[in-house]
Amino acid sequence: MAVNTVFFKNSSLIDQLTQMRSTFDDLQRQLATQKNSTTYSGLGQYRSLDLSLKQRVNEVGAYQQTVSFVDLRLNVIDQTVGRMDEIRSESRTAIDPNNFVQQADGSTNSQTSAKVSMVELLSLLNSDVAGRHLYSGAKVDTAPVVDMDLIMDGDLTHAGLKQVTNEYVQADAGVLNNGRLTNTLAGTAVTLAEDGTHDFGFKVAGATSDLSNVATTHTAGPPASEEIDFTGQPEAGETIKIYLDMPDGTQTTIELKASDEPGLNNGFEIGATPADTAANFQTALNEALGEKASSELKAASSYRASEAFFSTYQGQAVARVDGPPYNTAVATRDGSADTVAWYVGDQTVADPRGGSSAVIDDNFTVNYGARANEDGIREVVQSIAAFVVADFSGESEEDHAFYSAMAERSRSPLQNVEGKTSGIQKIQMEMATTHLAVQRVDDRHTTTANSLQTSVDEIEGIDANEIAAQVLQLRSMMDLSYQTTSILYQLSLANYL
C-alpha cells in the first residue's frame, strides 16, 4: 500500500502575517519620516492639492531669497547715503568764509578738511555688496567713480578739474583781467562795454545813480554797454552802482562814491572839470573791475568750471573752453575725448532707480538703482571739489576775497533750506520708501509660506500618537499570530493522535 506524503500548511495565516509585517514596517517608516506616504499616489485624492501647495511654497521661497538680497543692498544704501548726508553737513560747517588760514603747502585749513570729506565721499560711492556696485546704475560690475587724484589732476591725455578750472578762469578774466570788458573815455563820457558776443566774463546789466549832472545810458546789446556821461560835476558823497552778471548766474555790484579828496577807497575824486572827473571815474572803475575779476568773478568761473566737469548726467558732454588761447576764447567745445570722466557707471537709463530692479512677488517689481552722478549726490561732490581745487596761495587781498566768495558758493548747495530736504535726503527717502515696501512684502511672504506649509504638513503628515498606538496594537497581534503559526507548524501525527 502506498503512503502519500502529507504536508500541512495554513497559507491564510502566512498571508496574514506578511500583510501585518508590511503594515508594521510602513507604520515604523511613518514614525521615522513623519510622512504618511513616500509617493504622491499614496496621498489619494489630496495628491493634486499637495503638489499645487508645494509648488507655491517653492515660488514664495524664491521670492523670499530675492527679498533677502534686495534687503541687504537697501540696508547698505541707507547707511552710505546717510553718511553722505552727514558729510554734506560737516563740509558746510568746515568751509567757513571767514576762516582764511593757510598751511605750508598754500592750501587752507578748510580745504584740507574738505579734501578729507571728498575722499570719503568717493569711497562711499564705490560701495559694493558681494562685488555688486550700488551707485553704478545698471553697470553693477564697475566702480562708478574714479579716484581723487585722477579727478583733480587728470593724466597724460585727459585734463582733470584743475586744468578745466584754469581754462574757465582765463576765459572769464580776459587779457586785461577785468572780466572781458572795455572801459573807454571820450570827453566827459565813460563807456563800459562787453568785448564781444560770448558767454565769458562780466555781462553789463545796468546802472543806478544819484550823481548830480551825470546821465547813464544802457544798451542791451549783445554785446551790452553802459555809458556814464559827466555833463557836469557831481556832489561829494553821491554814488553810482554798476550791476554785472557773472557766468554762474549770480550778480555783483560795483559802487563808487564821489569825493572831494583823492585816494578814497571805492571812490573817485571830483576833478577840476567834468572831463577830469570822468577820467578819475574811469581809473577808479578799472581798479574796481580788477578787484572784482580777481575775486568774485574768479569764484564764479571756478564754480562754473566744476559744473561743466561734473554735470555728465546721461552722457552729457563736458564743456571745455575752446582754446588756447583761453583769455580770448568765445566758445566752448565738447571735451569728452580729452577730459577725465569722473563717473564711469551706467548712463543709459533716464531714471536712476530703474538701474536695478527685482521681482519680489507676483506682479510686484521694485526699482532701487542709484547713480553717483544723479543731481542730489553730484551737487555735493561738485561743491566740495570746486572748493578743494581753488588756489588761494597768493595771500593777497584779492585771494582773501576770492576765498570768501568761493566758500559762499561751495556752501550754498550744501545747506539745508528751512522746510526743504537736501538732494541726498530725497534719495534716502525714496530708498526708505522702497525698503519699507520690500519689508512688508517679506512679512506677507513669511505668513503665506507658513500657512502653505501648514496645509502641506496636514496632508502629508501624521498623528504620531495615533501611529504609535497602532504600532503597539499591531505588534501585539503579530506576536499572537506568530505563536499560533508556530504551534500549527509543530503539529505531528503523534501529537495529533
With a 3.5 Å cut-off and no angle check, do the side chains of [X] and [Y] form a donor-acceptor pair?
| X | Y | answer |
| --- | --- | --- |
| Thr252 | Lys292 | yes |
| Asp155 | His158 | yes |
| Ser393 | Asp391 | yes |
| Tyr403 | Ser110 | yes |
| Ser410 | Tyr303 | no |

What residues, two or more places apart in sequence or in another chain, satisfy side chain to side chain donor-acceptor pair (under 3.5 Å) together with [X]?
| X | result |
| --- | --- |
| Tyr343 | none |
| Gln233 | Thr277 |
| Thr93 | none |

Flag the pair [X] and [Y] as a salt bridge only when some basic side-chain nitrogen lies within less than 4.0 angstrom of an acidic carboxylate oxygen.
| X | Y | answer |
| --- | --- | --- |
| Asp375 | Arg378 | yes |
| Arg320 | Glu167 | yes |
| Arg444 | Asp361 | yes |
| Glu374 | Arg371 | no |
| Asp153 | Lys162 | yes |
| Arg304 | Asp248 | no |
| Glu90 | Arg83 | yes |
| Arg56 | Asp362 | yes |
| Arg180 | Asp199 | no |

What orientation do Phe392 and Phe387 show, parallel under 30°, tilted 30 to 60°, or perpendicular over 60°?
-> tilted
Heavy atoms of other groups near Asn58 CG, more than 12 under 6.0 Å | yes
Glu255, CD: over 12 other non-hydrogen atoms inside 6.0 angstrom = yes
Using a 3.5 Å distance criterion without hydrogens, assess whether the side chain of [X] forms a donor-acceptor pair with backbone atoms of [Y].
| X | Y | answer |
| --- | --- | --- |
| Ser412 | Glu408 | no |
| Gln382 | Ser311 | no |
| Arg353 | Gly369 | yes |
| Asp172 | Gly201 | yes |
| Asp71 | Val67 | no |

For [X], all residues meeting side chain to side chain contact (heavy atoms under 4.5 Å, CB included), sequence neighbours excluded:
| X | value |
| --- | --- |
| Asp210 | Glu238, Thr239 |
| Thr217 | Glu227 |
| Thr112 | Gln103, Ser107 |

Does the gap between the ring centers of Trp342 and Phe309 come in under 6.0 Å?
-> no
